[in-house]
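Scroll down for the structure; my scribbles are underneath it.
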Amino acid sequence: MTTPHQCKYWAAQLALNGPSGSLGQLSRSLSNSRIDLNPHQVDAALFAVRSPLSKGVVLADEVGLGKTIEAGLVLAQRWAERHRRILVIVPATLRNQWAQELQEKFHLPSIVLESTAFNRLVKEGSTNPFVQDDCIVICSYHFAANKAAFVDRQPWDLVVIDEAHRLRNVYKPGNKIARALQEHIHAEDKVLLTATPLQNSLMELYGLIGFIDPHVFGDEVSFREQFVRNDDETARNARLRRRLDPVCHRTLRRQVVEYIRFTRRIPITHEFLPTDEEHQLYEDVSAYLRRERLHALPTAQRMLITMVLRKLLASSSFAIAGTLRSLQRRLETELRELPVDEDAELESDYESLGETRDEWGLEDDAEEDVPTSDRESIQAEIDALRGYVALAERIEHNAKGHALLDALEVAFRKTSELGGRPKAVVFTESMRTQAYLFDLLERSGYEGRVVLMNGTNNDARSKEIYGEWAERRGSARGGSRQVDVKAAIVEEFRDRATILVATEAAAEGVNLQFCSLVVNYDLPWNPQRIEQRIGRCHRYGQKHDVVVVNFLNKRNAADQRVHQLLAEKFHLFDGVFGSSDQVLGALESGVDVERRIAEIYQECRSEEAIAEGFARLQADLDEEIQDRMAQTRSLVLEHFDEDIHQRLRLHRDRAQVALDDRERRLLALTRHELGTDAHFEDGLARFDYRPDASPLAEPGTYNFDWREAERRGDEFFRTDHPLARAVIDRALGRETECATITFDYDAYGATVSILAERLGARGWLRVARVRVQSVEAEEHLIVTAGVEDPEEAGSLVVQLLDAEWCDRLLNLPGSLGPTLGVPALADGALESALADEHARLLAEIEQRNGAYFEEEVEKLDRWAEDVKSGLERELKEIDAEIRAASKESKTKVVLAEKVAAQRRVRQLDQRRARKRRELYEAQDEVDRRRTELIEETEARLRTSADRETLLTIRWELPLGTRN
């Protein structure tokens, strides 16, 4: 009951490349993604793609609202539009998470560029590894800045920058990374993501917005004059808001409680008392690390490696024993004058070493130490290390390990009270500690219920899980396919295991919202790393309050102060949102906190010195995270709740309609095109594809619902899937001659009033595709139909039927009749109607582009005024100096002093004359640049269009039994 003509119409709708700022076009990205329909995210994505003349936007939603999803929708749309030169810059700790979320949620391929991958691509012949034709490039801030020359050589279609508050001070000469990125990124469009665009000074807005578009504001001096030193705050805020409205979008959590349920964090602190041997080991190794000269540690990275060793020392005796043994072997190798691998073994245990080195801004190829000839000193250090290793290896049981068993009992009870499942993720920073905890838990009542996750997962248990998972998924899909071991472990943890013991590898890119118990066995000193860990469970989709367990060493004053700082200053472990936007945002990066803590551990030996060191750190943080701009931020960046509520409801309803329409068309099209090669389950958007010959894609079970696809192990079927693309291309490419189609209104099963009015009628219908080339390429379908005059065959009545009527008609079941020619009268009427629709469409596009043009001209006018006012102010300052000098000369009594004063006045007069000439020249230059920019904009907005007829039918809508 579906015809090739209807299929061609549906395929054309599904393949349509509409205007990027339209909800219809965004629904294409929504339908291809594995995300919930949250209207505030649709709102933000539409804002980001609103104007093709925009240089970019800041998406500044509060924490917890999914800015990554908003950016993902923009990325998916640009990718679908074939704008694929895309760069994503994120903190080093978020690189893999972004890569995984883009793949899992939006089916977007990406490559994470860091030193190893970059060097490998260069060896393979790439002249610029940032040039990737088939994937999105993801890298860290430091890497992008270090490789700025390569970034500079690629003209980007889109650059997305996460945690973009790091760019707020780009206008300051000392902010080298931000300035390098601003200078070397050449992009058509930028999307900056930050929950804290404004923290301590309005100059931060100047920096952030200037990074996107240098023509929103004038120069730094004029911005300070207009917005920073302005005493009339009401007028100032109103003017600033008008400037920011086109480039900055912010949604607050209170505005979306209708759509999102937020849960709390419940902290549990578990104290433990190390044994005397453990405490002695800590004291001995700490004293060793404080030595003035250490042969075992590379000088260029001593502070970093010392911090890592302290982390391992606090983790377990097993972690530090292995590391000390590797240092001992390193020195023994050096004595034998053999090549030394600086930290390969250390990195195999402390997996985040490379990432931390990147965050600290240290290079892999830092200058190596010159081998020392002091063999006696090296041997003495070897002997000391041998003694520490022996002490560590004598410790068979760790007090913190046994404390973990007690803490789990308490935490599981609390989780049960809160309605959560009995599952816990235990984070450690050491793979050796991870192995110890696995054995301890397996022997302590959790046998067979513990799984591991780290950067390699080469242990026997993980290999077994992966093998079983791959077999299940392969058979479910009808064939083998590449799978991810991390996904296998997550599924095992979700469905069968009780405890996941994870290194930092699990804090990146995995979603564990089915688990509501997080145990920080080791506590990172970087607040953002802790936030990232807890965020694996305490995130969108979590249904229960999340219990967070931390351990406190009662014999270590520094450890106690670290916990106090993280809990009380950063509020990482409690509340609804963990650390606030302003607190983490103010830090720009948690690296400085981590460094400061490392310095305290290294330099402070007594409890008094430790207390004093942390007091200074806390005082500095108080100053740094003080939220001085709360009221201004609210007035400048936030909108009335009711306005937001109305807009979000509208987006929710319209987006859902658009998604439903796309799914309905794709389902009907797929049923027709696949025919007997596919078996569709009754009442379900699910089918088995088993072609007899010449398959269009991989055989298997496909599901239109991504949640059901995940639950059943099906392939998610969407318009960008290879099978769907093949179906759409085949239907769209099919030649369809004009034919009669008889539509069955009764079989449709629902009342459609506008069709019921025409029952018993017949007529003609034509569909055309219009391709428009303007500031961006876009496509539109125009459809028209008319009722045939029963008294005169081949004619149409004067009143034609609109696009909505035509669309409803083409959705009815239809049967194909004979082909026939189009009578001249009908053909002329259809073409005339299409020409009118074509003209109306172009008029709408011209009107829309006119609004874009006016907005751009207004922006450039304000920019020109800003720059000119700055120049004029310099002239006024000289005038003031002249008046003051003249007044001073009149007070002089001594002739020589009068002469000197008048000489000063003449010099100022000359300077004023020069400045006046420079002012006129500069103003002329500003006007010239403004004119150039406007002419460039006009050229981009010139419009051309062509129209192509896709199909023509003679339609019949006979009376049925319902009439």
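Position 1 is the first residue of the sequence, and the numbers go up from there. Computation of the quantities below employed the complete heavy-atom set of this structure, encompassing side-chain atoms and omitting hydrogens, waters and symmetry-equivalent molecules.
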Self-check item: Test salt bridge (charged side-chain N to carboxylate O under 4.0 Å, His left out) applied to Arg686 - qualifying residues, sequence neighbours left out
Solution: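 Applying salt bridge (charged side-chain N to carboxylate O under 4.0 Å, His left out) to Arg686 gives Glu681, Asp714.
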Practice problem: Go through the structure and list residues passing salt bridge (charged side-chain N to carboxylate O under 4.0 Å, His left out) with Arg394, not counting sequence neighbours. | Solution: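 By the salt bridge (charged side-chain N to carboxylate O under 4.0 Å, His left out) rule, Arg394 matches Glu277.
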Quiz item: Between the side chains of Arg421 and Thr415, is a donor N or O closer than 3.5 angstrom to an acceptor N or O?
Solution: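 Absent: no donor and acceptor within the cut-off.
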Quiz item: Does the side chain of Ser317 pick up a donor-acceptor pair with the side chain of Asn398 at under 3.5 Å?
Solution: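 Yes - a donor-acceptor pair under 3.5 Å links their side chains.
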Practice problem: For Arg449, check side-chain hydrogen bond (donor to acceptor under 3.5 Å, both in side chains) against everything at least two apart and list the hits. | Solution: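 So Arg449 forms a side-chain hydrogen bond (donor to acceptor under 3.5 Å, both in side chains) with Thr498.
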Exercise. Could you check if a side-chain atom of Ile597 sits within less than 4.5 angstrom of a side-chain atom of Glu594, using non-hydrogen atoms only?
Key: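 In short, these two side chains do not touch, never coming nearer than 4.5 Å.
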Quiz item: When rounded to the nearest 0.5 angstrom, what distance separates CG in Asp36 from NZ in Lys105?
Solution: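 It is 9.5 Å, given to the nearest 0.5 Å.
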Quiz prompt | Distance-minimising heavy-atom pair for Ser315 and Ser430 | solution =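 The answer is OG-CB, 3.9 Å.
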Quiz item: Listed by chain and number, what are the ring pair (Phe, Tyr, Trp, His ring centres under 6.0 Å) partners of Phe614, not counting sequence neighbours?
Solution: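 Scan of Phe614 (ring pair (Phe, Tyr, Trp, His ring centres under 6.0 Å), adjacent residues dropped) gives none.
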Self-check item: Set of residues satisfying side-chain contact (heavy atoms from CB on, under 4.5 Å) with respect to His270, sequence neighbours excluded
Solution: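 Listed in chain order: Ala403, Asp406, Ala407, Phe551.
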Quiz item: In chain order, what residues pass the side-chain contact (heavy atoms from CB on, under 4.5 Å) check against Asn553, with sequence neighbours excluded?
Solution: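 So Asn553 forms a side-chain contact (heavy atoms from CB on, under 4.5 Å) with Phe272, Pro274, Arg555, Asn556, Asp559.
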Could [X] and [Y] be called an ion pair, given the rule that one side-chain N must be under 4.0 Å from one carboxylate O?
X: Arg265; Y: Glu531; result: yes
X: Asp545; Y: Lys414; result: no
X: Glu708; Y: Arg711; result: yes

Quiz item: Are Phe514 and Phe493 close enough that their ring centres sit under 6.0 Å apart?
Solution: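 Yes, the ring centres sit under 6.0 Å apart.
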Quiz item: Counting only N and O atoms by type, is there a donor-acceptor contact under 3.5 Å from the side chain of Gln602 to the main-chain atoms of Leu289?
Solution: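 Here the side-chain-to-backbone pair exists.
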Quiz prompt | Polar side-chain atom of Glu442 near backbone of Gly448 as donor-acceptor pair, under 3.5 Å | solution =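 It does hold such a pair.
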